[in-house]
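I have placed the structure first, in the form of structure tokens, so that the comments after it can refer back to it.
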There are 2 protein chains.
Amino acid sequence: MPEPAVTAEAVFDAAAAMIELDGVDRFTMRGLANRLNVAVTSIYWHVGGRDKLFDGLVDRLLDEMAHLPMTGDTAVDRIASLAHAQRRLLIQRQHLLAIAHSRDTTPKLFLPVQRALAGQLAELGVTGADAALVLRAVEVHVISSAVMQFAAVRGDKHDEEDPSLWTDDWPDRALVEALQSPTDYDAVFTYGLQALLAPLRAGQPDPTDDGGVTA
Amino acid sequence: MPEPAVTAEAVFDAAAAMIELDGVDRFTMRGLANRLNVAVTSIYWHVGGRDKLFDGLVDRLLDEMAHLPMTGDTAVDRIASLAHAQRRLLIQRQHLLAIAHSRDTTPKLFLPVQRALAGQLAELGVTGADAALVLRAVEVHVISSAVMQFAAVRGDKHDEEDPSLWTDDWPDRALVEALQSPTDYDAVFTYGLQALLAPLRAGQPDPTDDGGVTA
DNA sequence: ACCTGAACACCGTTCAAGT
DNA sequence: ACCTGAACACCGTTCAAGT
């Protein structure tokens with residue numbers, strides 16, 4: 001009974017490692033087979049084709065997100081800490097996030113934290129459709145900003161401002177200078193999250209009241 | 001002096017139309033050449049390879065964004081209306097946005113609206129590094145949520161909630177039901193935008209004060 | 001059950017050759 | 001200046017064949 005040369009586990013591990021190293025674009029079935037020292041076709045037997053392989057990798061990410069820490073004295077703090085933890089993991093798994101995005105399964109990433117968020121919102125008295133809206137607003141903020149930061153950081157060469165767009169007589173020199181340096185996505189994320197959670201801190205004004213901004 | 005069979009303009013037009021119809025993934029150089037009734041290699045002479053072609057398409061999107069409308073009685077309303085207009089255009093140009101994203105040039109999309117936003121923020125007395133932060137928070141919100149919505153809507157089959165994740169004894173039946181229906185991304189966007197702009201409405205509290213949520 | 005090589009139908013891109 | 005076909009070096013996937 002000779003041991004198999006590879007297992008499905010080993011295929012996923014190797015694929016994840018390769019992708020984390022070189023990115024999704026440079027990942028090929030043939031390269032993976034080469035790394036595992038098997039024929040390409042062997043991979044098809046173990047895990048199926050490229051799509052099945054990526055499905056499996058995304059499922060791994062989902063599992064990881066099911067065990068995120070959540071700390072804090074108040075419910076709002078716990079929501080914020082969960083959002084930060086989720087974001088950190090997504091940044092760490094940039095390439096898996098990119099895969100999920102390219103496969104249009106980003107909304108699946110809501111699921112592992114939904115129950116925890118719902119529980120904290122319930123503690124704040126936010127329930128029903130209101131809770132669904134806030135929950136999704138937080139998740140969209142966490143995930144979409146991570147998706148975008150990933151692309152932005154990779155293309156950081158273009159992030160520096162083109163000064164030619166600003167006339168020299170623009171009065172706010174400090175602003176122009178601030179825009180010249182690369183975006184601090186962590187700060188932007190935290191600012192946005194804080195804004196999203198602000199209405200939850202002071203009583204509970206109707207979160208669906210848009211203040212007439214709908215334009 | 002025979003007229004050329006194709007021009008660079010015509011190539012870009014045809015490419016944009018094809019991509020808008022079938023998506024980026026199904027777009028190929030050979031298919032484009034076929035549609036134009038020329039040899040593939042002719043395209044290389046006119047606009048260069050795939051990368052150059054996509055660069056050109058993204059530049060077209062940038063041009064479009066330079067002429068967005070901005071209306072409203074107050075500066076905050078004008079910022080909101082600009083954000084909504086930018087979002088609408090990005091949704092309309094979903095596939096071009098996807099191209100920009102895949103090429104890591106999403107931050108470039110900030111540029112065409114930066115001056116207008118800076119002007120309105122200045123009217124509100126928000127300047128310097130604070131203005132840069134708010135400006136980027138708004139732009140990240142607009143662009144990243146559009147990037148994500150695009151993927152989410154394409155994969156809408158997965159958007160419906162898996163009820164098995166909720167135990168039957170979860171108390172908030174209305175929430176579970178709300179999560180079962182597909183996400184209303186417009187509502188989520190408006191809610192987030194309103195939250196981002198709220199501190200600008202009532203005086204100007206320090207926007208970098210995170211209320212201790214940094215976790 | 002596991003692994004292989006050959007083969008198919010694609011890609012993007014280069015380049016010498018035509019007019 | 002403009003357009004072509006042939007050719008190169010890749011892809012992912014299928015399938016019959018081996019053990």
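Treat the numbers as computed from the prediction; the structure is a model and nothing was measured. Proteins come first, then strands; the chains are lettered A, B, ... in the order of their sequence lines, and each starts at number 1.
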Quick tally for nucleotides 6-19 of chain D: nucleotides whose base has a protein heavy atom under 4.0 Å get B, sugar-phosphate-only ones S, the rest -, giving BB---BBBBB----
Testing B:R154, B:R87, B:Q94 for side-chain hydrogen bond (donor to acceptor under 3.5 Å, both in side chains) with B:Q149, which one passes? B:R87
Interatomic distance, B:H67 atom NE2 to B:L89 atom CG [nearest 0.5 angstrom]: 12.0 Å
What is the distance, rounded to the nearest whole Å, between atom CG of A:N37 and atom C1' of C:dC2? 16 Å
Does the side chain of A:H46 get closer than 4.0 angstrom to OP1 or OP2 of C:dA1 through an N or O atom? no
Watson-Crick or G-U counterpart of D:dG12, or none if no pair lies under 3.5 Å: C:dC8
Between the side chains of A:E9 and A:R60, is the shortest nitrogen-to-carboxylate-oxygen separation below 4.0 Å, so that they form an ion pair? yes
Strictly below 4.0 Å, N to O, side chains only: are A:D55 and A:R103 in salt-bridge contact? yes
Please tell me if the side chains of B:L121 and B:D130 come closer than 4.5 Å, counting only heavy atoms from C-beta onward. no
